[in-house]
Asker: 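One structure is given below, represented as structure tokens, and several questions about it will come after.
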Amino acid sequence: MQINLGDPNTLPWLIPAGPLLAFFLIMLISNRARLLPATDHAYGGHHPDYEGMEVPVVRGWSRVLSVIIGMAGVLLALAISLHVVSLGWGYGHHFGEEVFADATAWLDTGLSTFDMGVLVDPLTVIMLFMVPIAVLGIFIYSIGYMAHDPRQSRFFALISLFAGAMLTLVVADNLLLLFVGWEVMGLCSYLLIGFWFEKESASAAAVKAFTTTRVADVIMLLGIVYLYLETGTLSFREILYNPAVLQELATTPAIILGGSAAALISVFLIAGTIGKSAQFPLHVWLPDAMEGPTPVSAMIHAAAMVSAGIYAIIRLFPLFVAGADPHHGLFNGPLLLMALVGAGTALFAATIALAQNDVKRVLAYSTISQLGFMMAALGIGAWVAAAFHLITHAFFKALLFMASGSVIHGMEHGEHHVHEHGHHDDHDDLGDHNGHEDDHHGPFDPQDMMNMGGLQQRMPVTFITFLIGGFSLAGFPLLTAGFWSKDEILADAWLGVTHGYLPHALVFILLALAAFLTAFYTMRQLGLTFRGEPRTEAARHAGLGRGIISVTMTLPLLGLAVFAILAGFLGVPEDFPLFGALFSPEAVGGNRFHHFVIETLPHNSATEFFAAVPDMQVSAPPFMLVPVATSFIVALGGLYLGHRMYWRRPLRAGETDPLIRVLGAEVHETLRRKYYLDELYERVFVRPSFWFAHRAVDEFLDRGLIDGILHLVGRVFTWIGDLLKVLNSWLIDGVGDGIPEGIVALGLRLRHLQTGRVQQYLLYIAIAAILIGIVFAASAGAMVTAG
Amino acid sequence: MIELNAQTIAFAILSVLVLGGGLGVVTTRNLVHGALWLVLSLLGVAGYFVLLSAPFLAAVQVLVYIGAIAILIVFAVMLTRSMTSLGEVRNRQWWLSAITVILLFLLLAVGIILPVWGRGAPGEVTSLSATVGGAVELGEALVAGDGFVLPFEVASILLTAAMIGAIVVARDEEDEGA
Amino acid sequence: MIPLWMYLLVAALLFCIGIYGVLARRNAVAILMSVELMLNAVNINLVAFWRYLAPQDMSGQAFAAFVFVIAAAEAAVGLAILLFVYRTKRSVIVEDVNLLRW
């Protein structure tokens with residue numbers, strides 16, 4: 001493998017290198033800490049539960065150096081990525097026929113050689129555009145957000161690793177390398193969600209996220225292994241760009257369930273995505289992942305982790321199409337499975353989001369819901385729309401999370417202020433605002449929207465950017481990125497409906513409903529957070545303070561806000577009235593995003609299989625009135641309803657949520673408790689596991705069986721040991737000591753030969769020579785006699 | 001079997017000289033006498049060389065051995081005062097040495113005589129060649145490119161090294177300051 | 001004509017006398033003289049073989065000449081060492097020079 005900086009084929013190797021290198025540098029070199037008693041000051045108020053505990057506090061220079069290294073790593077990745085992106089984008093429509101790829105032999109298995117490599121095709125390009133930019137925003141934001149955390153160095157190391165793993169996953173040219181990145185991200189999510197592991201709930205959430213995704217990952221690994229068994233390769237291009245391989249996969253019967261091999265592999269891989277992208281029923285880890293620092297939430301929800309699941313499916317889409325071949329077996333519905341799971345999750349999560357009061361949890365469920373949109377889009381074959389939504393969603397969701405982080409930070413700031421001064425007007429800087437005071441947050445929850453209100457005046461920049469992100473999420477017509485991507489999904493679905501496909505109709509209805517709810521709860525969140533009068537003293541004094549911290553926490557918001565609007569205009573359908581002509585004129589080839597990304601999958605294999613499965617479209621859907629009208633209606637309708645309930649007449653302190661009146665207390669409670677799913681899982685999975693662990697494993701297996709065997713074995717070995725000891729003392733010692741003693745005795749005798757008298761030596765030599773001569777003479781004589 | 005002529009008589013006399021001189025060397029108590037016995041023995045060997053049609057070697061034998069080495073030994077005897085230290089001549093292992101040597105001689109004698117008196121004596125030389133290489137041929141052989149020029153040069157280096165080494169080793173360091 | 005084996009027999013006897021001297025004499029000068037006897041025995045062999053078997057080829061004489069050279073060098077170095085030993089130990093009895101022993 002030779003990396004040539006001028007060669008775009010080998011350049012992608014370097015993309016993950018920066019963050020990964022930064023991780024190692026920070027971990028091994030710059031992360032230097034000492035143990036100090038935890039003070040609230042040291043934690044910048046993020047965390048309440050460190051009373052009287054010794055924590056490692058990084059030194060000042062270590063903190064600064066780590067931040068610099070982390071930033072350098074991500075900037076390097078960004079620079080290379082954008083360079084590659086510009087090169088790839090420069091190819092335009094022809095990119096995809098020729099891609100940037102490089103591979104090196106990695107593992108020689110004897111029968112075949114396993115190649116590791118990088119691949120940059122249009123899909124990778126758009127990911128390389130989105131991921132580093134979002135990650136950069138998150139990094140900058142983290143400088144301020146984590147400024148007072150005693151483990152800031154560790155934090156930067158871990159998100160560097162996270163970013164490196166995501167970039168590895170993106171540039172991977174085979175499923176195994178993708179899986180490596182996938183799993184490293186899983187590890188990072190575990191470490192980062194549990195970053196404040198002193199907090200019970202954080203460590204529990206970390207375990208939950210890890211085990212939940214692990215369930216899915218094991219199934220996915222099964223799929224990968226099965227794919228490798230069937231095809232002998234995991235390279236994307238060798239599988240997906242090769243109709244023969246796809247044909248064979250589609251016609252080979254699966255080992256179980258009676259479908260084709262492709263279908264079974266697809267289902268396994270979908271299971272992996274359901275875990276990673278938090279789809280029903282494995283979505284439960286994502287809301288709890290809010291226990292991590294907010295930049296981590298942004299990372300997981302927007303830039304990296306959950307996108308990876310969708311990305312993997314788009315990447316392997318031809319395989320799913322092959323699996324959908326309806327002529328084989330009963331189990332032919334991986335696409336249908338995706339459509340149902342996705343659409344169902346979209347609506348299901350949206351309803352839960354309605355009743356959440358935690359500002360981050362609302363966003364968490366909206367993430368699940370939006371990922372459901374993408375899943376559903378993939379299920380109806382609209383993978384380009386899914387990719388589009390993936391990109392726009394990443395931008396506005398990263399924005400929303402960081403904005404909500406700002407809100408929380410501001411609320412904590414206000415809370416400290418209230419504690420310190422009791423009353424007061426002006427703020428000092430964040431750096432010394434909470435000093436010596438012992439601080440107990442107690443019942444006060446800075447994330448609870450019921451405690452907020454009126455932040456519009458206190459935090460204007462946050463408000464504006466939150467508004468932009470929220471509108472984008474809600475799909476505010478025409479102006480926001482979220483509208484265009486969501487509209488494309490709905491248009492694809494409607495196109496299927498016009499062809500008379502039932503699943504498409506279901507997807508269309510469910511997604512439209514979900515979009516309506518999305519607009520509504522977004523408006524509810526905006527209203528509850530920013531409008532009206534402050535409902536607590538903390539909200540009254542909320543603010544980001546001044547100085548570098550507030551700058552680093554504001555700057556990324558502004559940057560991402562730009563992307564949250566502009567990213568959508570890349571993918572405006574060309575036949576959309578007015579906007580199509582404006583943003584996708586014929587001069588640039590129409591819908592640029594669509595025409596660029598569609599080249600990811602080659603038409604030769606795609607058409608063949610898309611023809612076999614008629615409800616698949618490769619071309620962008622034509623302009624249709626129904627989906628656009630639906631988009632308008634659901635977005636504006638939801639926003640209007642939210643506006644009416646929460647914006648025009650903001651909630652006052654002490655009032656209950658008007659939603660309870662509308663829905664009724666029981667329904668609201670059900671939603672608030674997330675359909676009691678956590679309780680159900682607790683009952684069905686967790687408690688039986690504990691019971692099993694206690695009764696069967698601990699009492700019976702461990703103590704009874706294993707301990708019994710162990711004791712028996714122990715006793716037997718003790719007896720054998722005694723026997724060996726006796727044996728040892730006379731046999732081994734006798735031989736072992738006897739040999740050296742014999743050698744010593746022999747040496748003592750032989751040393752007398754060494755007299756120092758040269759003539760004596762010569763005499764020995766002479767005698768030896770005579771003996772040898774006699775032997776020679778005898779043998780010669782024998783030969784003479786014989787001859 | 002062996003006709004009695006001048007050659008044979010000369011050989012007999014020379015053999016007595018050689019062996020008698022040798023026995024004298026290894027048995028006399030006085031080392032000056034021993035050196036003289038040695039000279040006698042070497043003279044006998046020189047006579048052998050004459051008998052064997054190698055007059056040049058005979059001359060060299062007389063010049064180098066008798067003229068140089070034997071004189072050197074006489075010097076050594078005097079410088080080390082060996083003739084005054086008249087202690088025991090033989091060491092404690094002399095009888096064992098004598099037995100060994102006798103055995104060795106028997107072995108060699110068997111090896112020498114058996115081919116002649118054994119079955120058929122195939123290698124026996126019955127007449128001597130008349131044409132014999134002389135000093136001229138020896139000289140040419142010693143400096144010829146396909147002859148012994150390389151050993152010849154090496155031998156000269158060896159002699160030089162031995163000379164220098166002998167001087168260095170034997171020099172009396174206490175005298176250096178004077 | 002004197003048969004070859006007579007020369008060889010004399011040479012062997014001289015050689016054995018030399019060995020006896022080396023093995024049995026106590027004085028180092030005497031040992032050196034005995035070594036000279038052995039070398040002369042070898043020379044007798046060389047020249048005798050030359051004369052009887054290959055009188056035209058000068059190898060035999062040449063080897064004898066080299067033996068002279070070696071003998072001269074040996075005598076010179078050996079006697080120098082003897083003198084040195086005598087200076088340090090005031091003795092040339094080889095049994096007294098026995099530092100290298102157990």
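Numbers restart at 1 for each chain; the letters A, B, ... are given by sequence-line order, proteins then strands.
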Asker: Does any heavy atom of chain B fall under 4.5 Å from the side chain of C:Gln61, the backbone, both, or neither of them?
Answerer: both

Asker: Provide the closest heavy-atom pair for C:Ala62 versus B:Leu138 in the form atom of the first, atom of the second, distance.
Answerer: N-CD1, 3.6 Å

Asker: Where is the tightest heavy-atom contact between C:Ala30 and B:Leu31, given as atom of each residue plus distance?
Answerer: CB-CD2, 3.8 Å

Asker: Sort B:Leu19 into side chain, backbone, both or neither according to what part of it lies under 4.5 angstrom from a heavy atom of chain C.
Answerer: both

Asker: Under a 4.5 Å heavy-atom cut-off, does chain B meet the side chain of C:Ser91, its backbone, both or neither?
Answerer: neither

Asker: Under 4.5 Å from any heavy atom of chain B, what part of C:Phe63 do you find: side chain, backbone, both or neither?
Answerer: side chain

Asker: Go through C:Asn40 and B:Gln61 one step at a time and tell me if the side chain to side chain donor-acceptor pair (under 3.5 Å) criterion holds.
Answerer: CA-CA 9 Å; C:Asn40 271 282; B:Gln61 174 87 1; 2.7 Å; yes

Asker: Can you tell me if CH2 on B:Trp37 sees more than 12 non-hydrogen neighbours from other groups inside 6.0 Å?
Answerer: no

Asker: Rounded at 0.5 Å granularity, tell me how far CG in B:Leu79 sits from OH in C:Tyr86.
Answerer: 9.0 Å

Asker: Between C:Ala11, C:Ala65, C:Gly78, C:Ala71, which residue shows the highest count of heavy-atom pairs closer than 4.5 Å to chain B?
Answerer: C:Ala71

Asker: Taking C-beta and beyond as the side chain, do C:Phe66 and B:Leu142 meet within less than 4.5 Å on heavy atoms?
Answerer: yes

Asker: Is it the backbone or the side chain of C:Ile81 that comes under 4.5 Å from a heavy atom of chain B, or both, or neither?
Answerer: both

Asker: I'd like to check B:Phe105 versus C:Phe15 (side-chain heavy atoms, cut-off strictly below 4.5 Å). Are they in contact?
Answerer: no

Asker: Relative to chain C, which of B:Ala68, B:Ala141, B:Ala98 shows the most heavy atom pairs under 4.5 Å?
Answerer: B:Ala98

Asker: Checking heavy atoms, do the side chain of B:Gln93, its backbone, both or neither come under 4.5 Å from chain C?
Answerer: side chain

Asker: Identify the heavy atoms of C:Ala12 and B:Ile112 that sit nearest to each other, and give their distance.
Answerer: CB-CD1, 4.0 Å

Asker: Going by heavy atoms in the side chains, are C:Val69 and B:Phe152 under 4.5 Å from each other?
Answerer: no

Asker: Nearest 0.5 Å, what's the CZ-CE distance between B:Phe148 and C:Met58?
Answerer: 9.5 Å

Asker: Would you mind telling me which of B:Val169, B:Leu52, B:Val101 has the largest number of heavy-atom pairs within less than 4.5 Å of chain C?
Answerer: B:Leu52

Asker: Can you check whether C:Glu36 reaches B:Ile73 side chain to side chain, under 4.5 Å on heavy atoms?
Answerer: yes

Asker: At a heavy-atom distance under 4.5 Å, which candidate from C:Val85, C:Leu83, C:Val47, C:Leu39 has the highest pair count against chain B?
Answerer: C:Val47

Asker: With chain C as the partner, which of B:Leu158, B:Leu104, B:Leu72 has the greatest number of non-hydrogen pairs under 4.5 Å?
Answerer: B:Leu72

Asker: Is the centre of the C:Tyr7 ring less than 6.0 Å from the centre of the B:Phe11 ring?
Answerer: yes

Asker: Measure distances from B:Ile69 to the heavy atoms of chain C and classify the residue's part below 4.5 Å as side chain, backbone, both or neither.
Answerer: side chain

Asker: Indicate the atoms forming the closest heavy-atom contact of C:Arg25 with B:Arg29, along with that distance.
Answerer: NH2-O, 4.4 Å

Asker: So for B:Thr27, is it side chain, backbone, both, or neither that comes closer than 4.5 Å to the heavy atoms of chain C?
Answerer: backbone

Asker: Considering only heavy atoms and a distance below 4.5 Å, find which of C:Val77, C:Leu9, C:Val22 pairs most often with chain B.
Answerer: C:Leu9

Asker: Pick whichever of C:Asp57, C:Leu82, C:Ile19, C:Ile44 has the most heavy-atom pairs under 4.5 Å with chain B.
Answerer: C:Ile44

Asker: Is B:Arg90 close to C:Tyr20 at the side-chain level, that is, under 4.5 Å between some pair of heavy atoms?
Answerer: yes

Asker: Relative to chain C, which segment of B:Leu57 carries a heavy atom at a distance below 4.5 Å: side chain, backbone, both, or neither?
Answerer: both

Asker: Is B:Ala54 in contact with chain C via its backbone, its side chain, both, or neither, using a 4.5 Å heavy-atom distance?
Answerer: both

Asker: For B:Ala35, is it the side chain, the backbone, both, or neither that has a heavy atom closer than 4.5 Å to a heavy atom of chain C?
Answerer: both

Asker: At a heavy-atom distance under 4.5 Å, which candidate from B:Leu96, B:Leu38, B:Leu108 has the highest pair count against chain C?
Answerer: B:Leu38

Asker: So, B:Asn91 side chain and C:Leu23 main chain: donor-acceptor pair closer than 3.5 Å or not?
Answerer: yes

Asker: Where on B:Leu23 is there a heavy atom nearer than 4.5 Å to chain C: the side chain, the backbone, both, or neither?
Answerer: both

Asker: May I have all residue pairs that pass side chain to side chain donor-acceptor pair (under 3.5 Å) and include part of residues 38-59 of chain B, sequence neighbours excluded?
Answerer: B:Ser15-B:Tyr48, B:Ser53-C:Arg51

Asker: What residue pairs, at least two apart or across chains, pass ring pair (Phe, Tyr, Trp, His ring centres under 6.0 Å) with a residue in residues 50-76 of chain B?
Answerer: B:Tyr65-C:Phe68

Asker: Closest approach of C:Ala76 and B:Ala166, non-hydrogen atoms and distance?
Answerer: O-CB, 3.8 Å

Asker: For B:Gly22 versus C:Leu37, what's the shortest heavy-atom pair and its separation?
Answerer: CA-CD1, 3.6 Å

Asker: C:Arg26 side chain to B:Arg92 main-chain N or O, any donor-acceptor pair under 3.5 Å?
Answerer: no

